[in-house]
Amino acid sequence: MVEPDFSAYPMQDPHKPDLDDSLNVTESHDRLVREAAAVAREKRVNDGGREPVSLWLFAASAVILIAAGLALGKAGNFFDYDEYVQPGYMRDNLNEGGDEGPPPVDALKGYMAKGEKVYGKCIGCHGPDGKGGGAYPSLAGSQWVLGETDRLAMIILNGLQGPTSTGKTYGVMPAQGIGMSPTDLASVMTYIRNAFGNTKGDVVTVAMATEGIKISEGRAKAGQPLTKEELDADHAKDLPGDPLDPAAKVDPVTLNPVEEGK
Ligand code: HEC
């Protein structure tokens with residue numbers, strides 16, 4: 001084949017491109033590139049008006065989060081349930097019946113607290129400090145307060161017609177047993193034996209007080225104030241019943257013993 005002779009048509013000679021043509025080609029090419037890029041951008045903008053997040057960014061984020069999660073999990077119990085809630089706490093509470101009442105207290109403390117309230121019946125005569133005075137004998141240091149519990153229970157429930165423990169006669173103490181429950185009697189007896197400087201240190205239990213009320217009701221002169229003769233003859237003894245460890249736990253309201261560990 002014979003190479004065509006372009007000498008007569010210099011504008012079509014590929015080896016000698018026209019200067020103007022070269023410029024036009026470059027311009028056209030740039031414009032095409034710009035338009036293509038613009039179209040590409042338009043396409044990437046979705047309906048929501050935001051550019052979709054690249055897949056690699058998702059992947060990288062996932063890797064970082066998983067790594068961080070593993071690191072925190074190992075570094076400490078970051079989300080450990082047991083760290084914030086003591087193990088078994090809820091279950092123990094439910095088993096105990098958590099809303100049954102206030103927490104248990106030491107027996108002597110519980111009896112004293114209740115007895116101090118019951119002593120409100122006596123305070124008008126025997127005084128806030130138990131020292132009596134005037135027409136009323138002192139309960140502080142009294143042999144009959146600190147002595148046999150049967151005798152003391154009879155005085156409280158039925159009253160007393162002198163002489164008193166000191167041999168002195170003040171008058172007549174009226175019966176205090178009306179409306180007095182075993183819990184009231186037990187706690188007020190415990191209270192006066194451990195207040196006003198008295199330090200007997202023991203507990204007159206509700207069970208003992210129940211026995212005392214029975215004995216009182218069985219008296220020939222039930223409800224009549226006792227005399228020293230009757231006290232010495234029939235009541236110079238302790239009420240029956242098992243002693244209660246002053247440090248044992250009791251319910252502060254009922255004064256019933258509470259089993260250990262509950
Ligand atoms: C209305 C006044 C009055 C009230 C209330 C009263 N007492 Fe008395 N108490 C007396 C009098 C008076 C005597 C002395 C009686 C006598 O001389 O025979 C006495 C004596 C006693 C004794 C004997 C003391 C001794 O050493 O011989 C005891 C114990 C006692 N009272 C406890 C109590 C308790 C506990 C209460 C409350 C539950 C109470 N009293 C409520 C007036 C009262």
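Both counts, for ligands and for their atoms, begin at 1 and track the order of listing.
- Using a 4.0 Å cut-off between heavy atoms, Leu152 contacts ligand 1 through its side chain alone, with no backbone atom that close.
- Given atom 25 (C) of ligand 1, the protein heavy atom at minimum distance is Ser165 OG, 3.3 Å.
- From the protein, the heavy atom lying nearest to atom 16 (C) of ligand 1 is Gly171 O, 3.0 Å.
- A salt bridge is absent between Lys214 and Glu217; no separation between the charged side-chain nitrogens and carboxylate oxygens falls under 4.0 Å.
- Atoms of ligand 1 lying under 4.0 Å from any heavy atom of Pro174, numbered from 1 in the order shown and given with element: 1 (C).
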Below 3.5 Å, can you tabulate the donor-acceptor pairs from side chains in residues 169-183 to any protein atom, sequence neighbours excluded?
unit_1	atom_1	unit_2	atom_2	d
Gln176	NE2	Pro174	O	2.9
Ser181	OG	Thr183	N	3.4
Ser181	OG	Asp184	N	3.0
Ser181	OG	Asp184	OD1	3.4
Ser181	OG	Asp184	OD2	3.3

Considering only distance and modelled atom types, tabulate donor-acceptor pairs under 3.5 Å from the side chains of residues 113-134, sequence neighbours left out.
unit_1	atom_1	unit_2	atom_2	d
Tyr119	OH	Gly127	O	2.7
His126	ND1	Pro137	O	3.0
Asp129	OD1	Lys131	N	3.1

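- Applying the 4.0 Å criterion to heavy atoms of Ser142 picks out, from ligand 1, the atoms 24 (C), 25 (C), 26 (O).
- Between the side chain of Asn158 and the backbone N or O of Gly223, at least one donor-acceptor pair lies under 3.5 Å.
- For Ser138, no nitrogen or oxygen atom sits less than 3.5 Å from a nitrogen or oxygen atom of ligand 1, counting backbone and side chain alike.
- Close N/O approach between Gly162 and ligand 1 is found [any backbone or side-chain N/O within under 3.5 Å].
- Taking 2.8 Å as the limit, the number of protein N, O or S atoms around atom 8 (Fe) of ligand 1 is 2.
- Listed by number with element, the atoms of ligand 1 under 4.0 angstrom from any heavy atom of Ala135 are 12 (C).
- Panel note: side chain Ser216, backbone Gly212; no donor-acceptor pair is recorded below 3.5 Å.
- For the atom pair Lys228 NZ and Trp144 CH2, the distance stands at 5.5 Å (nearest 0.5 Å).
- Between Asp150 and Leu231 the shortest side-chain heavy-atom distance does not fall below 4.5 Å.
- At a 4.0 Å heavy-atom cut-off, ligand 1 does not touch Pro163 at all.
- A salt bridge does not link Asp234 with Arg219: every distance from a Lys NZ or Arg NE/NH1/NH2 to an Asp or Glu carboxylate oxygen is 4.0 Å or more.
- Interface atoms of ligand 1 facing Lys121, defined by a heavy-atom separation under 4.0 Å, are 5 (C).
- Contact annotation for Tyr170 and ligand 1: heavy atoms of both the backbone and the side chain come within less than 4.0 Å of the ligand.
- Between Asp242 and Thr205, the side chains place no donor N or O within less than 3.5 Å of an acceptor N or O (distance only, hydrogens not considered).
- The salt bridge (charged side-chain N to carboxylate O under 4.0 Å, His left out) search around Asp202 returns Arg193, not counting sequence neighbours.
- The contact set between ligand 1 and Val145, taken as ligand atoms under 4.0 Å from a residue heavy atom, comprises 29 (C).
- By the 6.0 Å contact criterion, CG on Asp30 is enclosed, its count of non-hydrogen atoms from other residues, nucleotides or ligands being greater than 12.
- Atom NZ of Lys109 is surrounded by 12 or fewer heavy atoms from other residues, nucleotides or ligands within 6.0 Å.
- Which parts of ligand 1 touch Thr169 is read off a 4.0 Å heavy-atom cut-off, strictly below it: atoms 17 (O).
- By the 4.0 Å heavy-atom criterion, Val188 is excluded from the residues contacting ligand 1.
- Taking 4.5 Å as the limit, every side-chain heavy atom of Gln161 sits out of range of all side-chain heavy atoms of Gln224.
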